[in-house]
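Naming: A, B, ... by sequence-line order, numbering from 1 per chain.
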2 protein chains.
Amino acid sequence: MTTIYDVARRSGVSPATVSRVLSGRRNVDPELSEKVRAAVAELRYRPNGVARNLRKASTNLWAVVISDIENPFFTSLVRGLEDVAQTEGYHVVLCNSDEDPAKEAAYASAVLTEQMAGVVISPTSTADGVQVLAEAKTPMVLIDRRVEGVEADSVLVDNEHGATEGVRHLIEGGYRRIACITGPRRVSTAMDRLAGYRAALRGGGIRYDKDLVRHADFREAGGFAAMESLLELGEPPEALFAANNLMTVGALECLAKRGLRAPDDIAVVGFDDIPWADLVVPSLTTVAQPTYELGRTAGLLLKDRIASPGRPPSTVTLRTELHIRSTSAPKP
Amino acid sequence: MTTIYDVARRSGVSPATVSRVLSGRRNVDPELSEKVRAAVAELRYRPNGVARNLRKASTNLWAVVISDIENPFFTSLVRGLEDVAQTEGYHVVLCNSDEDPAKEAAYASAVLTEQMAGVVISPTSTADGVQVLAEAKTPMVLIDRRVEGVEADSVLVDNEHGATEGVRHLIEGGYRRIACITGPRRVSTAMDRLAGYRAALRGGGIRYDKDLVRHADFREAGGFAAMESLLELGEPPEALFAANNLMTVGALECLAKRGLRAPDDIAVVGFDDIPWADLVVPSLTTVAQPTYELGRTAGLLLKDRIASPGRPPSTVTLRTELHIRSTSAPKP
DNA sequence: TACGCTGCGGAAATCGATTTCTGACTACAG
DNA sequence: CTGTAGTCAGAAATCGATTTCCGCAGCGTA
């Protein structure tokens, strides 16, 4: 490998001068500067980033810790983050935690030993890794979920409002027996969306019936099972509000398997958009989150946090958007 | 930050001994060893990965250069890669090239300066970055596409065979005027799938008609436009074979917009599975690629390549799988 | 003329770990 | 009792850049 010393020797200057020419952080005699550039080109010199990182005590890596890149919600979010990272000169390290606190903690540990510049993280239920990172004062942005007792920049979505809007839309369509499949009790988004559901019922003068609510695991299989159990009720629901994309898909599969159709047999509104929702027939009504924007905003916050570590933490809340399609058509 | 020197001082040994205790690469007096461990715990010492990387002249980073993580094909592939990386002690840096050779080259350059351990790359049309990396002898695995003149491990899919199977299935359904929307001429997968299409026609005794073939850009808009142009033919096609997922979606959107339905007005087979293809009504017949497996295989090859750099390059070709669903139902 | 200030290049310290080299000590064979 | 091989701890070199510190030269001002 050619080093800065090789370049220095070749161009008859000291390594310090080479460094100064390349970083442009100090004036250098144009003649020497030219010689250095020539030597760099001739030797095809490429600085060693690791050595630079060591000296500078920082890297240009951001970690993004999410539960699963295959979930379209995170896919798009990561893309938004990567676009910011790229323009700001960072690289993104992808970390799939699979909702496993141990994996989250392992990644957090890697963030620290590898001296990464910052982290964007969607916390698992116990947020083990978040605690470690907070303690180490690593620049960190929480996305999607809040964590009790941790002061950090966050990018959230107005889950309660979004859920309310989705459920209100069903009520306005004439549905009154509306079921809800939400996520685990320990996850803030699950509880917020449930709260939104209840608020909408209240607004519509409908009594809350806890038999119509299921807490599943935010996964496809969980949505499927929850739907099955709802259909076994003596008086099955007329409509369903499902609190994330995977559980919505699971519920739809359950309906398909039973030969039931939306909205004729049961109307459906799902939280989270799914790709090509328009192509699904009947097309799915969703409470869409601005996922790309979520990632982009997280990136911008992280950049600011790194630039001014002392700044008090800020929380950005983005709005959801109700995409009315066919599965929520009003009652005939 | 606490360093190995702090630990050494605290436990009354030399830094060398601390290093040996922690790496376990040499026998150390159990008593000293115990002292070191105690000091590590007390000081909450965490080795500095950057310093280690510098000394060892290698990092534990893999780059994965793909065109767009939002394309489900790559999403799943990246997940497969990350799973291998995790078990092998590597981290994955995500690089979206957007099919732009300049971006690809920029990422290749970053791979070199950051001393990443290896790269998994889906080359853009001119493969600028691949050339740079090949020249630098960086451990590299090509995925999805071949590159002329570059000897490297590759993981490919039997594109020609998959395309043949998909088109043959249409022929068996009684369709004879079958159109094909494929990708750019410079991309190997586009040409291989076109070759498969032609082979199937030949096998079915159907004359190849170049008016029924469109070269688009592998994107949604391109598929849409290509479909429009096919529908404007004096005698429009009875069936369509589209050579990737995004163009298939674009074509379907075009059909939807015109009020045409598959398979009644035009039968459709698409290359690449799409998520929840079963939920789309009518459900889409696809030539599915083993995308997760593709990423996993690439990871395993990369691991081997790093372990034994001298080994001659190997190519793994995986099989596609025809998923017969509704859009290709036989002609009545 | 003397003094101070500025601009710029080079020597050397520095970042924090790993690893080579050296020397002390032990054990065992002759 | 001596010589040799083997173990293991510590001193110091090392990875490759950046940056501090120092010294020299040139210029302006009193």
Side-chain angles (χ1 to χ4, degrees), chain A residues 1-40 43-61 89 109-117 136, chain B residues 1-40 43-61 89 109-117 136:
Chain A
M1 255 217 24
T2 72
T3 73
I4 200 169
Y5 292 91
D6 301 323
V7 176
R9 204 171 316 120
R10 178 73 165 229
S11 48
V13 302
S14 74
T17 302
V18 175
S19 173
R20 294 198 261 256
V21 169
L22 295 181
S23 70
R25 315 172 126 284
R26 232 178 82 174
N27 262 359
V28 173
D29 185 314
E31 196 174 326
L32 292 187
S33 191
E34 195 36 57
K35 275 191 198 164
V36 168
R37 270 178 231 293
V40 164
L43 299 174
R44 292 150 145 267
Y45 167 69
R46 188 187 291 283
N48 180 322
V50 177
R52 172 184 298 164
N53 292 342
L54 175 59
R55 180 61 231 235
K56 292 205 170 171
S58 79
T59 67
N60 56 356
L61 295 176
S109 174
V111 164
L112 294 176
T113 72
E114 301 303 327
Q115 316 268 300
M116 299 193 196
Chain B
M1 253 214 29
T2 72
T3 72
I4 200 169
Y5 292 92
D6 301 323
V7 176
R9 204 171 317 121
R10 178 74 164 226
S11 48
V13 301
S14 74
T17 302
V18 176
S19 173
R20 294 197 263 254
V21 169
L22 295 181
S23 70
R25 316 171 127 286
R26 231 179 81 176
N27 262 359
V28 173
D29 185 312
E31 195 174 329
L32 293 187
S33 191
E34 195 36 57
K35 275 190 199 167
V36 168
R37 270 179 231 293
V40 164
L43 299 174
R44 292 150 145 271
Y45 167 69
R46 186 187 294 281
N48 181 322
V50 177
R52 171 184 299 164
N53 292 341
L54 174 59
R55 181 62 232 240
K56 292 205 170 171
S58 79
T59 67
N60 57 356
L61 295 176
S109 175
V111 164
L112 294 177
T113 72
E114 301 302 327
Q115 318 268 303
M116 298 192 195

Problem set entry | Separation between OG of A/S14 and CZ of A/R20, rounded to the nearest 0.5 Å |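 Result: 6.0 Å between the selected atoms.
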
Problem set entry | Derivation and outcome, side chain to side chain contact (heavy atoms under 4.5 Å, CB included), residues B/Q115 and A/N48 | CA-CA 7 Å; B/Q115 318 268 303; A/N48 180 322; 3.6 Å; yes

Exercise. Want to settle it: does B/A57 or B/A16 sit nearer the 5' end of DNA chain D, counting the closest nucleotide to each?
Worked result: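 Result: B/A16.
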
Seminar exercise, completed: Ranking B/P15 and A/T2 by the position along DNA chain D of their nearest nucleotide, the one closer to 5' is B/P15

For this session: Assess whether one donor atom and one acceptor atom, taken from the side chain of A/R55 and the base of C/dT14, lie less than 3.5 Å apart.
Result: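 Answer yes: a donor N or O sits under 3.5 Å from an acceptor.
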
Any base atoms under 4.0 Å from [X], or only sugar-phosphate, or nothing? Heavy atoms, all strands.
| X | value |
| --- | --- |
| A/T3 | sugar-phosphate |
| B/V50 | nothing |
| A/V18 | nothing |

Are [X] and [N] close enough that a side-chain N or O sits under 4.0 Å from OP1 or OP2?
| X | N | value |
| --- | --- | --- |
| A/T17 | C/dG10 | yes |
| A/N48 | D/dA17 | no |
| B/Y45 | C/dA17 | yes |

Given atom [atom1] of [X] and atom [atom2] of [N], what is their separation to the nearest angstrom?
| X | N | atom1 | atom2 | result |
| --- | --- | --- | --- | --- |
| A/R25 | C/dG9 | CZ | P | 16 Å |
| B/R20 | C/dT18 | CZ | P | 11 Å |
| A/L112 | C/dG16 | CG | C1' | 16 Å |
| A/N53 | D/dC15 | CG | P | 18 Å |
| B/K56 | C/dA17 | NZ | P | 13 Å |
| A/D6 | D/dA17 | CG | P | 9 Å |
| A/R9 | C/dA11 | CZ | C1' | 16 Å |
| B/D29 | C/dC25 | CG | P | 15 Å |

For this session: State whether a side-chain donor-acceptor pair under 3.5 Å links B/S109 with A/R46.
Result: yes

Exercise. Do you know which two heavy atoms are closest between A/R52 and A/P47, and how far apart they sit?
Worked result: NH2-CB, 3.5 Å

Exercise. What heavy-atom pair brings B/V18 and B/I4 nearest, and what distance separates the two atoms?
Worked result: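 Shortest heavy-atom separation between B/V18 and B/I4 comes out as CG1-CG1, 3.5 Å.
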
For this session: State which of D/dC8, C/dT19, C/dG16 makes the closest approach to the side chain of B/A51.
Result: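 Between D/dC8, C/dT19, C/dG16, the one nearest the side chain of B/A51 would be C/dG16.
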
Problem set entry | 5' precedence on DNA chain C between B/R26 and B/R46 (nearest-nucleotide basis) |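 Whichever sits nearer the 5' end wins; that is B/R46.
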
